[in-house]
Structure formats: C-alpha cells, structure tokens
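Worksheet for the structure shown next.
Every chain is numbered from 1, with letters handed out A, B, ... down the list of sequences.
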Amino acid sequence: MAEKYRVRFAPSPTGSLHIGGAHTALFNWLFARRTGGTFVLRIEDTDRERSTKEYEQSIIDGMRWMGLDWDEGPDKGGSFGPYRQSERMDLYRKYADRLLSEGKAYEKEGALFFRIEPGKHIHFHDEVYGDIDVESENASVNQDGTIKDIVIMKRDGMPTYNYAVVIDDFTMGINMVIRGEDHVINTPKQLLIYDALGFERPAFAHLPMILGKDKKKLSKRQGATSVFEYSDMGYLPDGVFNFLALLGWSPRSGQEIFSREEAVELFDIKNVTRKPAVFDIEKLNHINQEQMKRMDPYVLLDAIRPFWKQMGLPVEKFSDEYLASSLKVLGGRGQTTIQAAEYSDYFLDFSKVTERYDGKDIKDELRPKLKKIYGELLNAWGDGSFEHLHNAAQEIFTANESSMKEAATPMRWALTGRKVSPGVFEVAGQLGREETKKRLEYYGLV
RNA sequence: GGUCCUAUCGUCCAGAGGCCCAGGACACCGCCCUUUCAAGGCGGCGACGCGAGUUCGAAUCUCGCUAGGACCGCCA
C-alpha cells in the first residue's frame, strides 16, 4: 500500500482560530483520520511583531473545542519537531546557505532573495482544482508586471512564509498539503524552491474559500471571527463542526447531519467543491438544532447550564435528573443552547413566569369554572405522566362542558408564561403536582 | 492593471453526454396534527449567466463573452 499521509494545519498565532482556519483544520483532520494518516499542528510564528503565545494557546483551545485532535504539535511533541517555526531557525539558515552557495539566492539590503529564472513551466496537479499551469515569470511579479525575486529571509533574520513553509513541509515529511484556495497562487513560488533544493514535492489539495454575505472573503471585520464567539452565541461544537464540514464538501450519500465519527467514515477529498461558499448562519442554526436533538440530554445539559446561570436561574437547586428531563420535555425547541435555555426557563424559576405574565387576560366569569376543573385535575394527578394527565384532563374538561382550547390555554400561561411551549400536561408532569398547584394558585386558578 | 481560479434555486450541495422540462437541504409560503408551536407530518415557490460550436443528443465537452472570487508585502 502507499505510504501513510502526513498532513498539517499551520496557523500563525496572530489571532484566535477563526472560521476559515477552523475549516482548514477540520478538513486536514478529516483527511488524516479517514486515511489513517498523521495530523501535525505547526505554529507559524515568524511574524515577531504580531505573534503571541496567547494566540497560540487560543488556537489550540479552539481546535480542541471543535473536537479536533492532532498527533504531533508544539504541545505534544513528535519526531519531526520542533513544531514552532521560531524554533527551527537553523534549518532555514542551512538551506538558505545552500541556495546561496549554489547561486540560486543572493543577498541584498540585508535580506536574502531567491532568484526566479524566467521561461520555466510550472505545473502541478491539485486534488481539488485539477491541473494548474503557470509560467515562472508570472509566479512572482511586481505591480508593474516585472519579475520579482522571492524574499526568503527577512532583514530581521526570520524566514518568509513562502520559504519556511517549503522547508518545514519537506523536513516534517508532509506529503499532502491541504490549505485554503488563497494559497494556490503561492504554490508555484513554493514549487520553484522545492525544485531548486531538490526536494520531493508533496501533493496539494486546496479548499474553497468561505465568503461572507457580501461574497467577500471572511475577514476579522465581519461579525464573529473566533470559534469561541460561536460558542458564546450558543452554538455547539458538533453544530459548528457539522456545518463547516458541509461548506465546500458533501458526502456522496447526501447525509447532512452527522457526528465526527460519521464524517470520518463519509469523507472523501474527491467530493470537495471548487466554488467559494457563502457562510449562511441560517443553515448553521438548523444544523445546530439537529445536533442538539441528537445529543444525550445530560451532555446537552452541560452545554445549557452556563446560559441558565447567566440568566440568573437557580440551577443548583435542581438535580441533573430533573434538569435533563426538562430538556427532554422541551423536545428540540430552540436552535441554539441560548434559545433552549430561554425556552425552558420556567422549569427552573416561577418568577420568570410572573415577570412576563400577569394573568389579567383571564376572564372573571371563567374563573369559577377553571378553578373547579384544575382542582379536579390536581386531585386526579395519579402518576403525573403525560398519558395519565392528558386522559384525566379530557374527562374532566368534557364533564365540565369545557374544551382543551378553553381550559388548557390559561394553564399553559400560568405554568410557563408563554404562548407556546411543549404540551401543557408534559410541562405539568415535569413540574410536579406541588409546583403546578402553586402556579395555578398564584393566578387564582385553583 | 496582471496572474490564477470559479460559474446549477436567495444560500449550501447532487448532477462526472441520454436516467434531468434538473434532485436534496436551509430559508420562505401554504396545509395538516395539536391545548399552543418555536416540536412533528405533508406540499409549494425557486436555478443550469450569455453566445457559438462538437454530438443523433449537453447542466455535463470546446471556444468566446460576461460575472464573481483569490492573489500580486522583508504578513502568513
């Protein structure tokens, strides 16, 4: 069989993990896991001005949040380290010296330049974009179109991106480069360096860009950038993962909602699209909701708990069992964990109900009738299950010449303070007889 | 301006010459269920950018046009 693939995600720590980076990391991860290859994390911190350890950590945290893990990296080592470019200076100097001594590079104004020979055809096959051909004189040009030799070592002694990436990918044994489409234009420059050094070229697969609503490349200026901002907005890692996987790719089967494990099973780089994809928050909402529905209630509980706390709800007063079953009663309502937290607030705190509902719309002439009905219902509580309550209510309502519509609506308002909710009897059963009674009493309905 | 890339519903994707007067998903609209819907079920609206070719036959191949994107830093 062919050798194992080694792929890498190589962010520069000049900001948190943003959507574009997360997308690239995700596809590298899927490819590595699908092919049984190795996923390397390399930190490209050659920009001394803007790189920070905090951002590096933030990127690592962001990847972990998404559920991505890697096999080699600055935090866990590996046999191809070090994994930070700032720690690989000797390598960059060594190969630069070789280029210098062979006359393929020269020094000027304190920087090292790689000489571009015109008249060379550069060809490579991209796993996604197919065959790409560029003439060497077009690979690196000034604004006026003249050839511009490539800077490989900056005046501050640090290597440039296009040079370091070649040295690192080669010395780290990377044989499949999966990165954003904004790099296809850089590939010919890098190939010139691969060839000059006699390095074996890796395979390339470029991923379509993710565009904002304005059809422009997502930038920091446009709304949320860090994956953590999506976390703050109530999106689940599984939702973001699933959504991002569907940008520029879809499984042959057409399945749209899947777990990480299923995605690995389904993944095939051959199905990656070439067209830039617009980031559509509505679709994210839907996928996030579907992921919440699939999730174990206890796991979902952990995701929702912080938002309940943020809303000032007395979460600690309740058992996990009660909280988790409340979410089960909620039944998939809400697209984000924030919404789910809001839509379920009445399970934790009656004052949320009284804040938004004053009961003034209940007609006085109806009260005696409702009191009688609800009193009977409380007496016929039984095991408090939906089936039992529902059946009991039906009997009681008809016996009192009332209807579901007439009698259940005020009860819903009294229990939840909302026009819409899960079935009233499910809510009542979940709240329990005492709490239900208390709420009905508050509104003078029992 | 130059180079490279792309071009199917508003958006994300199917479609690798006949199975497509184009299929799914989101959104939107309508209907049903129901005590309510933000849950569930059913249905509708809606696209192959344009023009030439090749072919018995093109969304699929070729060319041109147009449009969009990316890149042109001693940033990565």
Contact under 4.0 Å: A/S421 side-chain N or O vs B/rU35 OP1/OP2: no
Between B/rC75, B/rC37, B/rU35, which nucleotide has the shortest distance from any of its atoms to the side chain of A/R412? B/rU35
Test side chain to side chain donor-acceptor pair (under 3.5 Å) applied to A/Y357 - qualifying residues, sequence neighbours left out: A/D361
Every protein N/O within reach of nucleotides 59-62 of chain B N/O, cut-off under 3.5 Å:
none

Should A/K216 be listed as having a side-chain N or O under 4.0 Å from OP1 or OP2 of B/rG68? no
Quick check on contacts: within residues 389-397 of chain A, what sits under 4.0 Å from RNA chain B by heavy-atom distance? none
For the ring pair A/F243 and A/F279, is the centre-to-centre distance below 6.0 Å? yes
Check each residue of residues 277-294 of chain A for a non-hydrogen atom within less than 4.0 Å of any atom in RNA chain B, then write out the ones that pass by number, or none. A/A277, A/V278, A/D280, A/E282, A/K283, A/H286, A/Q289, A/K293
Within less than 4.0 Å of OP1 or OP2 of B/rG15, is there a side-chain N or O belonging to A/R252? yes
Which residues in residues 104-130 of chain A have a heavy atom closer than 4.0 Å to any atom of RNA chain B? A/E109, A/A111, A/Y129
Contact class for A/Q143 vs. all strands (heavy atom < 4.0 Å): base, sugar-phosphate, or nothing? base
B/rG30 versus B/rA38 - spacing of their P atoms, nearest Å: 11 Å
Residue set satisfying salt bridge (charged side-chain N to carboxylate O under 4.0 Å, His left out) with A/R179, at least two apart, ordered chain then number -> none
